[in-house]
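Working notes, beginning with the structure itself.
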2 protein chains.
Amino acid sequence: MFTLAEENYLKTIYHLESLFGEGVSTNAIAEKLETKPSSVTDMVQKLADKKLLTYIKYKGTSLTDLGKKEATNIIRKHRLWEVFLLEKLQFQWHEVHEIAEQLEHIQSEELVDRLDAFLGYPTTDPHGDPIPDKNGYFKATDKKLLASMKVSEQGICVGVKDSDDEFLKYLDKKNIAIGSMITLLAKEDFDHSLHIKVDDHSFFITKAISENLFVKSHESE
Amino acid sequence: MFTLAEENYLKTIYHLESLFGEGVSTNAIAEKLETKPSSVTDMVQKLADKKLLTYIKYKGTSLTDLGKKEATNIIRKHRLWEVFLLEKLQFQWHEVHEIAEQLEHIQSEELVDRLDAFLGYPTTDPHGDPIPDKNGYFKATDKKLLASMKVSEQGICVGVKDSDDEFLKYLDKKNIAIGSMITLLAKEDFDHSLHIKVDDHSFFITKAISENLFVKSHESE
DNA sequence: TTATTATTTTAGATTTGTCTAAAAATATTT
DNA sequence: AAATATTTTTAGACAAATCTAAAATAATAA
């Protein structure tokens, strides 16, 4: 249906739009896709011709409903494959994204449906992000940053904010994964580091780490 | 490492070479890939520059060891994905090839190794063809055509010769699959049709069908 | 408000993989 | 062996997606 390049543009514009609102700038897209602004202008005009987005010169672009539908479908595929890689093939957290970037472009609705069923219709991916259903519908999760927890509160790890490779490796090393039960033992006011317990093991994490990990309150479950 | 087009050429040339011997003709490649001979000439020269094959003008091409290694790796991936689709996602026989054509191009050695392990290191794919190991090594199966069986002999279905879509649908309908036990009840000399028993069900098949189904003698197992 | 800076677009070139049409080489007939 | 047919290659063109360099527009500062 769409080329690889087109799909990557749609996905990127979708993400930028949900982060910063309508009217995504040419430079923002170029930076995310590691390409030149002039290339973005070309492609955006092409996608506008195909009614996947609206584009006003010098004013940025916004996806149409059709474009959003395509984008969420690609995101659905990406996240389902991530679940597959992690749960079925025992990949580690930081390894799944790159491979899912390729798998998300495989064209077969039947395949996606069967994969979905095979995985037991998961609703979130290994990063805690929701997996859209066949119609592109999904509800935002009630996740919050580990940094916002109160002392003695318990939370279940549901994802990460920035999936930096080094960070994901750190999590793997510390045995923090989706579903890990995290208890906040103490807060250090001086540098905002946290003393936490994961499973049976307790240790300290820096402020930066705590602001990059999403948890779901254990009470709310 | 290689582009999609390059990989498809390598795979096609490998298949043609194993069928008809060294020195694959430009037209043969063009026909298989549904492209023009002039396009083949261009690509073949490019692949020769990359030392993946040897090419002599007007004389055809043959894969180098490097080219064969690449080709068998793609075939390995294709066949592993076919097993996955059939065994894990419950696809039918005739549906797997087209999707595997896409999946075979996913780049990740780690992924292939883990998939291999996840599937239990299968040695043949759903068409009865051997799956090369990591080093490209595989041994030819001792399969033979159903048409060559003797009356009252038993065989296990191991694959098909031409995987025509209609034919695979026919097999699905008749409940003939990899591993099916087939007993030859009788041969009709007049039209060479066969009376066979599959599991508990017996019926007639035409000569054409019997010459397109591979079995492995049950004694040899 | 004018000058300067940053962003975005246009124009033209490049690469990959393809095509058509014509030329060259090889194979087959007569 | 010459004529004909087939196969293969070359030459030149094209679409997709990208780039560089220059021009146009918008935003910011003096």
Side-chain angles (χ1 to χ4, degrees), chain A residues 1-14 16-17 19-63 67 70-71 74 101-102 104-105 107, chain B residues 1-14 16-17 19-63 67 70-71 74 101-102 104-105 107:
Chain A
M1 198 64 186
F2 300 101
T3 68
L4 194 112
E6 287 171 340
E7 290 196 349
N8 283 331
Y9 271 88
L10 290 174
K11 195 180 51 153
T12 297
I13 295 168
Y14 182 90
L16 290 170
E17 207 171 349
L19 276 176
F20 307 114
E22 288 190 0
V24 179
S25 80
T26 301
N27 268 10
I29 300 168
E31 201 178 337
K32 261 254 174 176
L33 286 173
E34 293 179 50
T35 184
K36 302 291 165 185
S38 56
S39 307
V40 174
T41 302
D42 286 347
M43 180 58 93
V44 147
Q45 288 173 344
K46 191 176 139 195
L47 294 174
D49 288 346
K50 293 192 177 187
K51 311 288 182 201
L52 291 161
L53 48 79
T54 55
Y55 164 66
I56 305 165
K57 266 192 191 179
Y58 298 102
K59 297 291 178 187
T61 64
S62 301
L63 293 182
E70 278 309 316
I74 299 161
E101 285 285 293
Q102 297 180 62
E104 72 190 5
H105 300 291
Q107 311 277 184
Chain B
M1 197 65 186
F2 300 100
T3 68
L4 195 113
E6 286 171 341
E7 291 197 348
N8 284 330
Y9 272 89
L10 290 174
K11 196 181 51 156
T12 298
I13 296 168
Y14 182 91
L16 290 171
E17 207 170 348
L19 276 176
F20 307 116
E22 288 189 1
V24 180
S25 81
T26 302
N27 268 9
I29 299 168
E31 200 178 337
K32 261 253 173 177
L33 285 172
E34 294 179 47
T35 184
K36 300 291 164 185
S38 56
S39 307
V40 174
T41 302
D42 286 347
M43 180 57 93
V44 147
Q45 287 172 343
K46 190 175 141 196
L47 293 175
D49 288 345
K50 295 193 176 184
K51 310 289 183 199
L52 292 161
L53 47 80
T54 56
Y55 162 66
I56 306 165
K57 266 192 193 179
Y58 297 102
K59 296 291 178 188
T61 65
S62 301
L63 292 182
E70 278 308 318
I74 299 160
E101 285 286 293
Q102 297 180 62
E104 72 190 5
H105 300 292
Q107 310 277 185

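So you know, we letter chains A, B, ... as the sequences are listed, proteins then strands, and number each from 1. Since this is a predicted model, take the numbers as computed values, not measurements.
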Any [X] side-chain N or O less than 4.0 Å from OP1/OP2 of [N]:
{"X": "A/T35", "N": "D/dC19", "answer": "yes"}
{"X": "B/Q45", "N": "D/dT10", "answer": "yes"}
{"X": "A/N27", "N": "C/dA6", "answer": "no"}
{"X": "B/T41", "N": "D/dT9", "answer": "yes"}
{"X": "B/T26", "N": "D/dT9", "answer": "yes"}

Whole angstrom value for the distance that separates [atom2] of [N] from [atom1] of [X]:
{"X": "B/E31", "N": "D/dT8", "atom1": "CD", "atom2": "P", "result": "11 Å"}
{"X": "A/Y9", "N": "D/dA16", "atom1": "OH", "atom2": "P", "result": "14 Å"}
{"X": "B/L47", "N": "C/dT16", "atom1": "CG", "atom2": "P", "result": "13 Å"}
{"X": "A/I29", "N": "C/dT7", "atom1": "CD1", "atom2": "C1'", "result": "13 Å"}

field: Pairwise side-chain contact, A/L52 with A/F2, heavy-atom cut-off 4.5 Å (strictly under)
entry: yes
message: Would the distance check show the side chain of A/S62 and the main-chain N or O of A/G23 forming a donor-acceptor pair, the cut-off being under 3.5 Å?
response: yes
Gap separating the OG1 atom of B/T26 from the OH atom of B/Y55, nearest 0.5 angstrom: 5.5 Å
- prompt: Any idea which of D/dT20, C/dC19, D/dT9 is nearest the B/D42 side chain?
  reply: C/dC19
message: If I compare all heavy atoms of B/Q107 with all of B/M1, which pair ends up nearest, and what's the gap?
response: OE1-N, 4.2 Å
task: Ignoring hydrogens and angles, answer whether the base of D/dT20 and the side-chain atoms of A/S38 contain a donor-acceptor pair closer than 3.5 Å.
output: yes
- prompt: In residues 50-63 of chain A, which residues come under 4.0 Å of DNA chain C by heavy atom?
  reply: A/Y55, A/K57, A/Y58
